[in-house]
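Atoms within a ligand are numbered from 1 in the order they appear, just like the ligands themselves.
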Amino acid sequence: MKTIVIGAGILGLAAAYSLTERGHEVILIEKEGPFAGASHRSFAWLNANNKFPESYYRINREGIEEHKRFQQEFPSEHTWLHPSGNLLVDFGNTRSETYAKRTADANGMGYPVETIGLNRLREIEPTIHWPDSLDCALFYPEEAWLDNDILGEELLRVLNDRGVELRISEAVSIETDSSTARVNLSDGTSISADSVVLAVGAWTRELAAASGFFVPVADLAEQTTRTHSLLGLTEPVDIPLQRILISDRVNVRPRHDGRMWVQVARVEERVAEGNNPRMLAEVAKVMGEELERLFDRPVPIEKVIYSGRSFPEDGHSIIGFLDEPKRLYTIVTHSGMTLGPLFGRLAVEELEGKDSDLLEDFRPSRFADGRVEEAGFDYFIGRQ
Ligand SMILES: Cc1cc2nc3c(=O)[nH]c(=O)nc-3n(C[C@H](O)[C@H](O)[C@H](O)COP(=O)(O)OP(=O)(O)OC[C@H]3O[C@@H](n4cnc5c(N)ncnc54)[C@H](O)[C@@H]3O)c2cc1C
């Protein structure tokens with residue numbers, strides 16, 4: 001099978017990789033450059049935490065398992081997966097309710113969670129200044145953080161070794177019939193293949209519409225917390241943080257280069273101001289203050305990125321065939337870092353004719369009547 005993959009973010013690269021694993025020919029098209037979209041500016045916390053309904057939890061849980069297999073089996077010396085778990089902390093006075101709810105939710109799904117007391121927190125993450133008033137935190141041992149830049153580079157390297165050339169070109173529409181799929185490019189030329197994988201994140205809606213299909217992904221022009229996030233990057237610091245910390249004050253996680261990714265829920269609403277340098281500088285200051293409070297030492301912020309998401313309007317993944325001849329397959333989701341390798345593999349299995357029960361609730365056909373139940377983005381104590 002010859003397949004054109006449009007989009008070189010995590011989802012397109014993972015699908016292209018799985019296609020080559022199974023001996024298929026791949027043409028990879030990207031309008032800007034690899035990881036030009038959400039995939040290079042992601043918090044990349046792999047989790048199934050607080051994810052509902054059960055079918056969405058299940059794919060995210062399976063997504064974490066797939067990452068473990070993927071890291072193990074991928075032909076590379078590099079490590080990008082760090083399965084060190086996540087500490088969820090409510091520093092405020094609603095702590096007991098938060099923990100009770102989150103524990104009940106996790107137990108209901110069979111998702112591992114532990115309560116960790118203050119002394120143990122001080123032992124396992126000694127660089128954090130744990131206040132005496134904090135009696136405990138929740139620990140999710142199955143969760144992980146991902147060095148997404150390393151994963152992206154390795155995917156590209158292996159694809160290149162396997163003869164997949166990355167073509168910088170913009171797709172403007174896709175046509176399919178019973179015998180072929182054709183991608184029309186902005187320079188007026190077109191390429192044909194047996195099938196097409198549409199993995200263009202936030203741009204899916206417009207490219208699908210130009211091809212005659214309805215795929216409701218929130219428009220980046222909206223500038224709300226559904227479509228954007230403010231992601232901070234620290235300078236390299238000597239803080240050997242091991243785990244992800246998700247809290248009501250600040251979310252922070254380590255990186256391979258000594259920097260840390262940071263988010264602060266209470267400033268997220270400022271995405272409404274657009275990509276405005278003055279706002280970004282003010283947010284950097286808030287992030288710096290939160291980190292200083294957390295680590296009891298200054299932590300300089302290198303930059304804050306005005307970061308666009310690919311958010312399906314109803315909050316859940318959209319994955320499956322769009323057309324009747326089953327030649328045009330789309331993959332668009334939030335939580336794409338958690339779901340990337342799993343969706344890549346399942347997409348290829350479906351292109352080969354083997355449907356996945358896991359994906360039943362996430363088909364594009366749920367929007368066939370043109371109606372969408374819009375979801376908001378609940379930011380309290382992390383939902384990525
Ligand atoms: C701030 C932030 C934090 C996040 N945190 C997490 C997290 O903690 N855990 C998690 O699992 N997920 C997280 N996510 C979500 C995750 O990063 C995304 O779901 C994922 O990166 C989406 O990947 P993608 O490949 O679909 O899209 P993208 O990475 O956006 O890639 C799409 C690509 O398609 C290209 N393209 C677009 N249009 C065309 C065209 N017409 N022709 C050719 N190419 C085209 C673009 O240039 C781009 O390179 C976060 C996202 C953000 C923004």
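- Ligand 1 has Gly308 within reach: a non-hydrogen atom of the residue lies less than 4.0 Å from it.
- Identified under the side-chain hydrogen bond (donor to acceptor under 3.5 Å, both in side chains) test for residues 317-328, with sequence neighbours left out: Thr176-Asp323, Ser317-Thr333.
- Under a 4.0 Å heavy-atom criterion, Val332 is not in contact with ligand 1.
- Taking distance alone, with nitrogen or oxygen atoms compared against 3.5 Å, Glu32 stays at or beyond that limit from ligand 1.
- In the hydrophobic clustering, where aliphatic and aromatic side chains (Ile, Leu, Val, Met, Phe, Trp, Tyr) are joined below 4.5 Å either directly or transitively, Leu185 groups with Ile4, Ile6, Ile27, Ile29, Ile174, Val183, Ile191, Val196, Leu198, Val200, Trp203, Leu207, Phe213, Phe214, Val215, Val217, Leu220, Ile318, Leu322, Leu328, Val332, Phe367, Val372.
- Polar contact with ligand 1: absent for Leu231 (N/O pair, distance under 3.5 Å).
- Residue His316 is tested with Phe311, Tyr56, Tyr57 for a ring pair (Phe, Tyr, Trp, His ring centres under 6.0 Å); the sole match is Tyr56.
- Taking every heavy atom of Glu170 and a limit of under 4.0 angstrom, the matching atoms of ligand 1 come to 41 (N), 42 (N).
- Contacts with ligand 1 closer than 4.0 Å are made by heavy atoms of both the backbone and the side chain of Thr338.
- Here Ser39 has heavy atoms under 4.0 Å from ligand 1 in both its backbone and its side chain.
- Ion pair Arg226/Glu313 flagged as a salt bridge, since at least one NZ, NE, NH1 or NH2 atom sits closer than 4.0 Å to an Asp/Glu carboxylate oxygen.
- In terms of polar-atom proximity, defined here as any N/O pair under 3.5 Å, Gly12 makes no such contact with ligand 1.
- Of all atoms in ligand 1, listed by their number and element, those nearer than 4.0 Å to a heavy atom of Ala199 are 32 (C), 34 (O).
- Of all atoms in ligand 1, numbered sequentially from 1 with element shown, those under 4.0 Å from a heavy atom of His334 are 14 (N), 15 (C), 19 (O), 50 (C), 51 (C).
- Of all atoms in ligand 1, listed by their number and element, those nearer than 4.0 Å to a heavy atom of Ser310 are 19 (O), 22 (C).
- In summary, Asp90 and Lys101 do not engage in a salt bridge, as defined by a charged side-chain N under 4.0 Å from a carboxylate O.
- For ligand 1, the atoms closer than 4.0 angstrom to any heavy atom of Ser229 are 1 (C).
- Ligand 1 does not have Pro34 within reach: every non-hydrogen atom of the residue lies 4.0 Å or more from it.
- Between Arg297 and Glu292, none of the side-chain N atoms (NZ, or NE/NH1/NH2) sits under 4.0 Å from a carboxylate O, so this pair counts as no salt bridge.
- We find that Arg162 and Glu25 are not joined by a salt bridge, their nearest charged nitrogen and carboxylate oxygen being 4.0 Å or further apart.
- With respect to the salt-bridge test (charged N to carboxylate O, under 4.0 angstrom), the residues Glu66 and Arg345 qualify.
- Between Leu46 and ligand 1, no pair of N/O atoms sits closer than 3.5 Å.
- When only interatomic distances are considered, the shortest N/O to N/O separation between Phe43 and ligand 1 falls below 3.5 Å.
- Any N or O atom pair closer than 3.5 Å counts here, and Gly336 shares at least one such pair with ligand 1.
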Using the rule given for salt bridge (charged side-chain N to carboxylate O under 4.0 Å, His left out), can you reason through Glu142 versus Lys68, listing the C-alpha separation, both sets of side-chain angles and the distance that settles it, and then say yes or no? CA-CA 11 Å; Glu142 295 296 313; Lys68 293 180 193 161; 3.1 Å; yes
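- For the pair Arg253 and Trp45, the NZ or CZ position fails the cation-pi test of under 6.0 Å to the six-membered ring centre and within 45 degrees of the ring normal.
- Here is the list of ligand 1 atoms found below 4.0 Å of a heavy atom in Ile6: 42 (N), 43 (C).
- Using a 4.0 Å cutoff on heavy atoms, Ala202 does not count as a contact of ligand 1.
- Residue Trp203 has no N or O atom closer than 3.5 Å to an N or O atom of ligand 1.
- Neither the backbone nor the side chain of Leu13 has a heavy atom within less than 4.0 Å of ligand 1.
- Atoms of ligand 1 found under 4.0 Å from any heavy atom of Trp45, numbered from 1 in the order shown, are 7 (C), 8 (O), 9 (N), 10 (C), 11 (O).
- Within the listing of ligand 1, atoms 1 (C), 53 (C) sit less than 4.0 angstrom from a heavy atom of Ser307.
- Salt-bridge annotation for Arg157 and Glu153: absent, with no side-chain N of the basic residue lying under 4.0 Å from a carboxylate O of the acidic one.
- Contacts with ligand 1 closer than 4.0 Å are made by backbone heavy atoms (N, CA, C, O) of Arg41 only, the side chain lying farther away.
- By the 4.0 Å N-to-carboxylate-O rule, Arg366 lies close enough to Asp314 to be salt-bridged with it.
- Ion pairing between Lys285 and Glu282 fails under the 4.0 Å rule for side-chain N and carboxylate O.
- Considering both main-chain and side-chain atoms, Leu11 comes within under 3.5 Å of ligand 1 through a nitrogen or oxygen pair.
- Ion pair Glu235/Arg259 not flagged as a salt bridge, since none of the NZ, NE, NH1 or NH2 atoms sits closer than 4.0 Å to an Asp/Glu carboxylate oxygen.
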